[in-house]
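Everything below concerns the one structure shown next.
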Amino acid sequence: MNIISQQRINQWLDKRIPAANAFQLDHRNIFIFPAKFGLLYLMLCLLLFLLGTNYQNNLMLLLCYFLLALFLVNLLSAYVNFARLSVSMGKIPEVYASDDVYLPLWINADKSLKTPMHGIVNIGFMGQKVNQWFDCDAFSNPVSLSYPCQHRGWQQAERITFSCYYPLGLFKCWTHLAFNRKILVFPKPLACPLELVPAPLSSEETPRASNNLSLNTNQDDFSHLKAYQIGEPLRHVAWKQVAKGRGMLSKEFNGSSHNVAWLTLNNSTAEHIEKTLSKLCFQVLELSRADQQFGLDLAYIRIAPASGENHRLACLTALAQYPTIADKAGFN
Amino acid sequence: MTQQLLNQAIHHCSRILIGKQQQIKLAITCLLANGHLLIEDLPGMGKTTLSHTLAKVLGLQYSRIQFTSDLLPADMLGINIFDNQAQTFQFHPGPIFSQLVLADEINRASPKTQSALLEAMEERQVSLDGVTRTLPSPFFVIGTQNPAHQAGTYPLPESQLDRFLMRIQLGYPDREAEKTMLLQQYNGEKPQVSEVMSYAQFTAAQQLTVGVHASDELLNYIIRLVTFSRESQQFANPLSPRATKALLSAAKCWAFINNRDYVLPEDVQAILPAVAEHRLRSNSSDINAQGSLSQALLEAVDPLA
Amino acid sequence: MSLWHKFIFKSKRNKVKQSAARDRQHQANNPAFIICSLVLIIFDLSLLDTVLGWISLLVACSVTIRIAIYFAYQKHMPTLRTLNLLALLSIIGLIYSAWPLGFLIGMVNLLVLACALKLMQVRSQRDFYQLVVSLLFLLGCGFIFQQSMAFTLLYSLLSLAVILALGFFHAPNLKVKQQLKQLTMLCLQALPIGLLLFLLLPQLPPLWQTPKAKSSETGLADKITPGDIARLSQSSELAFRATFEGNAPTQQNRYWRAIVMEDFDGRSWQIHPLRKQNRRFQQLVQQEFSPIVAGPSIDYDVIAEPTQQHWLYALDIAVPRTVKSQSEIWQSDEFQLISHQPLVSQYQYALRSYVQTMPRQPLSELDRKLNLSLPTQGNPLTQKWVSTLRQQYPHEQAFINVLLDYFKTENFSYTLRPKPMFVDPVDTFLFEQQAGFCSHYASALAYSLRLGGIPARIVAGYQGGELMAKARQQQYLSVYQYDAHAWVEAWLPDSGWTRLDPTTLVAPDRINFGLRQAMQEEGSFLADSPFALARLTNIALFNNLRLLLADMDYNWSRWVLGFDSQKQQDLFKAIVGKLTPQRLAMLGLAIVAVIGLLLTLFFMPHWYANRLNPVQALYQKALTLLGKNGQIRAHWQGPLDFSLHIQQHLPEAISQPFKRLTESYLQLNYQTQGQDKHKSVSHKKSINTMRRELRLLKNQLSKHQFL
């Protein structure tokens, strides 16, 4: 029952506040209702009214009516203040499974308001306990909202609830915003030795253990010096040359950088597929850090050997998108 | 009056460097905004000619440093040599002590020399053996750089690219321009470069550009541009606050050259590629790999809203 | 790249505070708590005689703790256990010490106590809200005790301070100046609405019997012991005010009856217990006494200051004039007016006095019995004296004249500092001291009359008052405590109840010019309060100031404190004319409409600000026009570029007006400097240019389409 009503609400919200990347709050997406304190305050007004009437005390009545009027005025000013909020979702950083993703929210970033927004804004995911906040009078963009990612693959962030009680806490203004941004969660890296295969495996061929290359082996044969590139491991720097004042040169080794090597999904080991993916993820990261060339063979997709940032991202994406068991079952 | 002189200077330069009026204008804007200029292009595109001409036209004292991998910081900055007669160390200033320094093929020098140059650019002074020496004023560096994929280069690190106010590319001249150039050479007529502005006049012009008015709307436009670069997934390296300042001062100078005492969104749009492109790109080595990021940025932001 | 992000977000992680941290942060250095503390302590100080001493002490403690925490002298708040223990002890203490004080004072004490304890332990948002609501309620209750203008101002400021605290609580980082501006706006907007509600929402009668406040009773005492020391005359506090419809009676005729005392025990006079019993019985059976009234009358309103007692003041013989007053006032047999409610706060009532009907009133059996009763013993000299006289003068009038002559001929003097007379006070006064003030004379005369067989009693009340009259205003009379007076009422067969005031014979100034004049020589007027403004009447400036203050206070009492259903109806009548249900309904609707209108008016600027300014709007209109004709501006295109584009693509007739419009737009938007550019003349001119060119553009476009 509860789930059904929740679904109804979600459907209604989807219609009323469709997902977007940036929001300017207005009458379509702001909800406003007296806060608990507002109700308490109304009780106070009632009490003052009763007491003031009973004692025929005009000053008390005046106070009561003034507070009541303040309540009314507060309704509008709370709305006006909250309607100054504009939010957009920024660049989502890379995230690995079982880590927290930090969603960067840009608040009133590209607006120039004559009267800025004030007060504390609480943020949280819809339906969960609000536990983060920022103060409109003192914050720096972007405000980030963390969110635990349990599993790899595409994830849709929940609706984010913004709420604000400014100016007097009598009314709660809130909104549930959906950002049309999917988060790709990479598998969790799992430390393991590198397992590089020199050539792509043909369908039935079993990998030869003797040909497995690891990062360690490529330190064996010194080949030549080359100009140091930012990001290369410092242990490759030819410090002697530096000392001679020839600048930063790094030692190049005969190894996998010339021999194209592959990372493959080794199905023969009976390990759980997720664990294997995690290990592959670790290897991709390690190899990328070493700026090595490598390819990735994941049965459903093959990524040609290359190096660099884009290649790394492509590999991680492929790993993240590797069909889960459930998907596979669906295919069969 | 001052604008006239500046336009005359532009005109003068474009007689030498045919068909590159826009780039020349940008270069002068950059100098007017008291910024350093990075010219990036393939060899033989006229980088050196441009800087040489600029120095001459603006009446600036000029020196040229050819960067090579064995160039040491001392070669550039200067050196203390013991003077036997005076029994003291005598400072022999390096080529950097001049108003306009052409740092040719800056990416060929070792990182150490590069950083010495960049430090001097930023501080406008040089520290040698514990003595701080002020560089002449104005002090401009026009760095030239060959795009990557050229053997034996040390690409400038991102953090240091930011020190250059603008980066321009000259590109190939169009058919007409190239033809004119050929004709000139064939006829043996070599346009004479003469000083159009004195150094004092140029400094005065610099003073004037500060007074160019940038309205609230315009500042908001710049802020929107910068914010978009930070928010959007499209840009790996967003624009820094230093870039924001650079945008405004360059836009002011551009407006000034165009004979206006206020800045329009069009001014920002005109200078943005030169100011922002090298800052937005995450890796300077692959120039042609991606489309123009600054153009994407411009097209994403409405100047009116 | 990922490293960079990790770095950025690691630093961000610290910035996002968890809610527990927020409460802690709120606590330590939010000005809201300091403001609440100050409000509480100031309130406590303003009601020092109502709030119990040890509770005030507790308030001081909790405020000290709060301030120490705010300035970080102290890091930790008292633990919850300590506070619970303290609360328990306090409640026991409160029950013990406040039980006899009655409901109202008990409640105020309880609230102050609760606030003090809450202030010590505000931990969560909820605690703070409770504190705020309690404080506001306390301030409301404060109005029961203090209604003067100064205190109203103080309490209003305190209420605003509480609202400021709320503001600080919800925007802790907003600058103080900004905060004040925002809240001032809010309050200024709320004020007219509040006033409207106050003026136009119906004033209801009390919903139930209000619990009696047992605070110290002030004003006239219901027992006169002439031998005691004079007390009343020494106070310059206001007793009541009366506003007359026509002319006020002359000074000599302003005898304000309050209490009739018929029981004399040889020393003191007081209300007869039989009268009290009788009244209770009458009230039970709802049989109110009504005097026989006829002849000329005076209409007036009285605003009585709070006395915590029941009796009211009136000129003889008064009947309530309005329905409201009738329902609230009880007329008793001895022509006393008694309020159903004790006067806990200022009370206004309307009366009509029939000044000449006193002699017509009959003397009932009870009256005769009570007014002839004599104490069994004491004052032998007087008894002897009177019996001798009575034998000499059997006729009542002659006997009275002789008695009065005695006061006139003997060397009696009027003084506010008589010597105490403890034994046989009437004898001592009449034959030894021969100096005293009104109650001495009244007591001696009434006793003598009773001894002589004439029914007589003492009436305590006020005599005189200061008449304040302004050109366009109704006359009103301020009567102060030092105007308190006592006189004698005797019943004569041919003239009924007759007022006899022996004081007039001794000190005619007292009656003709008031106490101040009468006491000029003796210098005993307000001798106890050397700084009372009333003493400084000789200095013109001070006197003017005093009169101004009195005047303001009068208007305050009459129009603000005294605003009641009667005045409200008058107001309604003034607005809608005759009070028919339809008209009242219309009025109700109008109020709602006016409030709605006010709210709209307040928030128009915001809505307007969200819209484009005229410059932008005009330019956008032009863009829309061109867009309809197929020339759509790319959303990133600058205005100058677009104008050039139009010049290339559209005929000159169209592009020229647009070019000029763009020029004006650029000039307004980007060229003009200065903050107040919106006001300058050239600004308006340029906008007009834009309007003109827009019209031209429209015309040209439509022409173009037709062609």
Side-chain angles (χ1 to χ4, degrees), chain A residues 36-37 40-41 43-44 47-48 50-74 76-77 80 83 91 93-94 102 104 114-115 118-120 129-140 142-146 165-169 309, chain C residues 1-2 5-6 8-9 12-13 16-19 22 129-130 133 136-137 139-141 143-144 147 152 155 159 163 166-167 169-175 178 182-183 186-187 189-191 193-195 197-198 201 204 206-208 210 344-345 347 560-561 563-564 595 599 602-603 606 609-610:
Chain A
K36 270 190 207 135
F37 173 56
L40 188 68
Y41 182 90
M43 294 249 299
L44 164 78
L47 254 166
L48 281 177
L50 288 180
L51 214 60
T53 306
N54 257 1
Y55 280 93
Q56 296 284 293
N57 190 316
N58 280 341
L59 295 177
M60 225 159 154
L61 285 177
L62 257 173
L63 181 68
C64 163
Y65 291 141
F66 173 73
L67 291 179
L68 213 60
L70 204 61
F71 187 77
L72 270 182
V73 171
N74 186 57
L76 285 174
S77 72
V80 164
K91 275 171 277 205
E94 288 174 16
Y102 281 78
K114 272 191 202 121
T115 38
H118 302 302
I120 286 171
K129 209 165 180 265
V130 174
N131 59 355
Q132 293 178 25
W133 61 281
F134 64 92
D135 187 338
C136 288
D137 304 298
F139 75 101
S140 56
V143 172
S144 52
L145 183 61
S146 70
Y165 293 87
Y166 185 84
L168 297 181
E309 188 63 30
Chain C
M1 185 172 115
S2 78
H5 273 291
K6 268 201 182 131
I8 294 283
F9 286 101
K12 281 279 151 56
R13 243 173 258 197
V16 176
K17 299 137 208 162
Q18 303 296 306
S19 61
R22 164 173 51 166
Y129 287 152
Q130 286 169 355
V133 165
L136 285 175
F137 188 66
L139 289 170
C141 289
F143 286 130
I144 297 180
Q147 293 186 303
T152 307
Y155 287 166
S159 307
I163 287 164
L166 265 181
F169 189 76
H170 289 103
N173 283 314
L174 191 56
K175 287 192 187 76
Q178 276 277 323
Q182 294 283 329
L183 294 179
L186 217 60
C187 290
Q189 288 166 349
L191 196 63
I193 298 177
L195 278 178
L197 288 173
F198 173 71
L201 278 187
L204 301 178
L207 301 171
W208 62 82
T210 38
V344 286
S345 53
Y347 174 59
V560 181
L561 304 180
F563 184 82
D564 54 11
I595 290 176
L599 288 177
F602 296 150
F603 292 94
H606 295 285
N610 283 351

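Note: hydrogens, waters and symmetry copies are ignored here, and every other heavy atom, side chains too, is used. Sequence lines set the chain letters: A, B, ... in the order given, protein chains first and strands last, and positions in each chain run from 1.
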### Task
Count the heavy-atom pairs under 4.5 Å between each of C/F563, C/F602, C/F143 and chain A, then report the option with the highest count.
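It is C/F143.
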### Message
Among C/V133, C/L174, C/L197, which residue has the highest count of heavy-atom pairs closer than 4.5 Å to chain A?
### Response
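It is C/L174.
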### Task
Name the region of C/I595, side chain, backbone, both or neither, that has any atom closer than 4.5 Å to a heavy atom of chain A.
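C/I595 touches chain A through side-chain heavy atoms alone.
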### Query
For C/Q147, is it the side chain, the backbone, both, or neither that has a heavy atom closer than 4.5 Å to a heavy atom of chain A?
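Looking at C/Q147, backbone and side chain both touch chain A.
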Rounded distance (nearest 0.5 Å) linking atom [atom1] of [X] with atom [atom2] of [Y]:
X      : Y      : atom1 : atom2 : result
C/Q178 : C/N173 : CD    : CG    : 12.5 Å
A/N58  : A/Y65  : CG    : OH    : 9.5 Å
A/L168 : C/Q182 : CG    : CD    : 10.5 Å
C/L195 : A/L62  : CG    : CG    : 6.0 Å
A/Q56  : C/Y347 : CD    : OH    : 8.5 Å
A/F134 : A/L145 : CZ    : CG    : 10.5 Å

### Query
In terms of heavy-atom pairs under 4.5 Å with chain C, which of A/L44, A/L63, A/L40 leads?
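Of the options given, most contacts go to A/L44.
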#### Entry: Selection from A/L59, A/V73, A/T53 maximising heavy-atom pairs under 4.5 Å formed with chain C
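It is A/L59.
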Sort [X] into side chain, backbone, both or neither according to what part of it lies under 4.5 angstrom from a heavy atom of chain C.
X      : result
A/F66  : both
A/S146 : neither
A/L76  : both

### Query
With sequence neighbours excluded, what pairs up with A/A69 under the side chain to side chain contact (heavy atoms under 4.5 Å, CB included) test?
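Listed in chain order: C/A190, C/I193.
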